[in-house]
Amino acid sequence: MTNQNGQATIPSRTGPSAPRGPPLPTTTALYGACVLRLSTLFVRTLREDPADAEVPSHRLLVRAGYIRRAAPGGFTWLPLGWMVYRNVERVIREEMDRAGFQEVHFPALLPREPYETSGRWTEYGDSLFRLKDRRGNDMLMAPTHEELFTLLVKDLYSSYKDLPLWIYQIQTKYRDEARPRAGLLRGREFVMKDSYSFDIDDAGLDESYQQHRKAYIRTFDRLGLPYVIVGAVSGAMGGSHSEEFLAPLDAGEDEFVRCENCDYAANTEAVQMPVAAPVPYDDAPAAKVLDTPDTPTIATLVDLLNARDDLARSDRPWGAADTLKNVLMMVRQPDGERRPLAIGVPGDRELDLKRLEAQLHPGEPQPFTEEDFAAHPSLVKGYIGPGALGEANGVRYLVDPRVADGSRWVTGANAKSAHVAGLVAGRDFNADGMIDATVIADGDQCPACGGRLRIARGVEIGHIFQLGRKYAEAFGLTVLDADGKQVTVTMGSYGIGVSRCVAAIAEATLDDLGLCWPAAIAPADVHVVIAGKPGSDQFPAAEALAVELEAARARVLLDDRVGVSPGVKFADAELLGMPTIVVVGRGLADGLVEVRDRRSGERSDVPLDDVVALVTTR
RNA sequence: CGGGGAGUAGCGCAGCUUGGUUAGCGCACCUGCUUUGGGAGCAGGAGGUCGCGGGUUCGAAUCCCGCCUCCCCGACCA
């Protein structure tokens with residue numbers, strides 16, 4: 001049999017009863033049937049960028065025909081995209097299995113009840129996809145599966161001898177994101193690998209966590225994905241220790257810091273500044289009230305201090321960092337109650353709302369309104385000082401870690417147009433506690449070594465944390481220990497965004513010409529371009545080469561399209577991004593083909609006979 | 001949810017201000033011929049409820065009202 005291009009073929013696998021579809025190409029060996037042919041591959045590359053894609057990976061994945069948008073926040077995987085996806089999934093699965101995790105699979109469509117028990121039916125709010133079945137029962141599309149994993153283990157296990165247990169699944173998750181964006185990076189439907197460890201005690205949990213951390217390092221290394229492991233906040237999940245794997249990419253939504261000197265790295269939300277060392281204050285003069293008209297802001301206050309000769313410092317001019325700014329807000333508790341909170345920070349610092357929320361969770365900071373001022377007459381807007389704050393005054397007062405015992409401050413005197421100078425922390429006032437929620441700036445001090453911090457953005461590709469007993473307690477997951485006592489199991493929870501990884505890898509590897517896949521996850525190892533007229537020697541030679549390559553266990557994508565000019569084929573080869581491009585063209589007359597490295601752009605003419613060896617040893 | 005931008009053929013866009021032949025251009029697609037190492041040429045085609053609903057008008061892609069969707073920034077996000 002031959003097809004219209006004169007290629008030898010073998011009958012379709014589905015047999016004569018399935019007359020439609022192109023015949024499978026002939027191949028000699030087991031492997032050869034897998035040659036991907038661009039002439040029949042279900043793909044269409046676009047010359048122009050889609051208008052609705054901004055982020056480079058999104059743009060190129062659509063342009064190269066890997067994915068298509070099918071729903072708000074939902075994408076269809078085309079054959080090439082699905083191959084990449086499956087390769088990513090395969091690497092993750094292999095590393096999970098190798099690390100000793102066992103794969104299970106839950107439904108994505110779940111009843112309300114377990115999520116009611118954990119409290120997340122309400123806590124998750126609008127992000128949860130809810131629906132009713134025909135009987136009117138509440139159901140949900142699972143955003144994550146902690147509840148089900150916990151219940152499953154409770155269902156089957158009841159002895160310490162069964163632990164530790166490590167299980168995982170790779171499952172589609174659903175979240176009604178307010179704003180899906182950047183293609184696969186934030187969708188409303190996405191695939192996640194989530195795994196859980198179950199241990200009898202904290203030492204076991206720590207061991208499980210460390211093993212998992214190692215497995216993630218191996219996984220992301222194999223995926224060819226650059227990443228930084230950063231300290232993270234555990235958020236609503238509770239738990240003591242939590243780290244994120246961030247791919248450092250501008251398209252990312254997370255902001256993190258890295259130290260120039262040491263290996264400190266943390267999500268900006270999770271940075272914890274060290275508490276400043278106490279300063280001796282035995283010889284400090286008494287605090288002095290100043291008449292400071294028209295100084296409702298830090299800037300106006302500093303100007304006034306520097307304008308008055310009687311207040312001049314001997315060492316240097318006054319700066320904003322010498323002032324203590326007291327920021328008021330109301331904190332709404334989960335029960336609905338609003339309580340006032342004041343936070344004292346050096347005047348040159350601003351509060352970071354995200355960091356603040358992370359620290360106040362589950363409380364929610366709200367602005368301090370005019371009505372709130374009216375309800376607290378002792379608080380004078382623009383002139384608030386520690387004297388009117390603190391639990392004794394009904395306003396909880398937390399200060400920045402830089403406000404060390406013995407440090408001296410200019411701050412509000414709680415009267416219009418008055419400030420107080422030389423107020424000594426620990427002598428003249430005491431806060432109710434510390435809070436570290438100021439904006440982290442590029443160049444700030446590293447909390448670990450004092451070096452300079454650098455800020456960057458990243459995509460959260462993995463998150464590991466020690467969940468602890470929150471879910472085990474909620475669902476009564478206990479086992480009997482060696483003494484026959486009921487003990488609550490402690491859990492770890494670990495996630496990798498599988499579909500997100502595809503976009504992150506694309507984003508991390510692409511260049512001006514197109515996608516540029518790492519070998520481990522590329523749809524094919526070699527892209528063979530036939531640059532010759534139909535009927536020319538190039539066609540049969542390239543066909544033979546493709547089969548040879550397959551036999552040598554290389555995965556081949558063959559551009560056997562007829563009537564497509566070489567320029568188009570080259571551009572498509574670069575756009576599609578296989579690691580190696582082999583051009584069978586005019587050099588063939590001399591027995592040569594051109595081998596190109598997609599990433600470096602390096603090209604060399606090699607004898608046809610050497611190609612297989614060259615490509616398979618790359 | 002707040003702010004900004006945009007919905008016209010598979011993709012990218014023009015037309016709208018000032019209503020009026022059969023809604024246009026490039027790419028992609030189909031047929032034929034030519035071409036074949038960097039997104040080919042010529043000729044001929046197919047493809048559109050102009051986001052949806054209502055209104056104004058003799059007449060609406062164009063004007064008015066309502067809604068929906070998409071993109072960006074922010075808020076939100078185990």
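In what follows, chains carry the letters A, B, and so on, assigned in the order in which the sequence lines appear, proteins first and then strands, with residues in each chain numbered from 1.
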What's the closest nucleotide to the [X] side chain, out of [options]?
X      : options             : answer
A:P50  : B:U36, B:G12, B:A40 : B:G12
A:R175 : B:G38, B:G26, B:C77 : B:C77
A:R68  : B:G38, B:G37, B:C11 : B:C11

Donor on one side chain, acceptor on other, A:D176 and A:Y174, under 3.5 Å: no
What is the pairing partner of [N], taking Watson-Crick or G-U wobble pairs with both distances under 3.5 Å in any strand?
N     : result
B:C25 : B:G12
B:U56 : none
B:A6  : B:U69
B:G37 : none
B:G32 : B:C42

[atom1] atom, [N] versus [M]: distance in rounded Å?
N     : M     : atom1 : result
B:C65 : B:A60 : C1'   : 15 Å
B:U69 : B:C30 : C1'   : 32 Å
B:A61 : B:G24 : P     : 13 Å

Can you pull every protein N or O that's under 3.5 Å from an N or O on nucleotides 67-76 of chain B?
unit_1 : atom_1 : unit_2 : atom_2 : d
B:C73  : OP2    : A:R179 : NH1    : 3.3
B:C73  : OP2    : A:R179 : NH2    : 3.0
B:C76  : OP1    : A:E357 : OE1    : 2.7
B:C76  : OP1    : A:E357 : OE2    : 2.7

Test salt bridge (Lys or Arg N to Asp or Glu O under 4.0 Å) applied to A:E548 - qualifying residues, sequence neighbours left out: none
Sub-6.0 Å ring centroid separation between A:Y66 and A:Y85: no
A:F101 and A:H212 aromatic centres sub-6.0 Å: yes
Sugar-phosphate only, base, or nothing, as touched by A:D572 at under 4.0 Å among non-hydrogen atoms: base
Could you tell me whether [X] and [Y] make a salt bridge, using a distance below 4.0 angstrom between a side-chain N and a carboxylate O?
X      : Y      : value
A:D605 : A:R586 : no
A:E543 : A:R37  : yes
A:D559 : A:R561 : yes
A:K470 : A:E146 : no
A:R130 : A:D138 : no
A:R112 : A:E116 : yes

Those residues of residues 596-611 of chain A lying under 4.0 Å from RNA chain B by at least one heavy atom: A:R596, A:R603
Most 5' of A:T144 and A:E574 on RNA chain B, judged by nearest nucleotide: A:E574
Interatomic distance, A:R561 CZ vs B:G38 C1' [rounded to whole Å]: 13 Å
Interatomic distance, A:L46 CG vs B:A28 P [rounded to whole Å]: 11 Å
A:R44 side chain near B:C11 phosphate (N/O to OP1/OP2, under 4.0 Å): no
Any A:S565 side-chain nitrogen or oxygen under 4.0 Å from OP1 or OP2 of B:U36: no
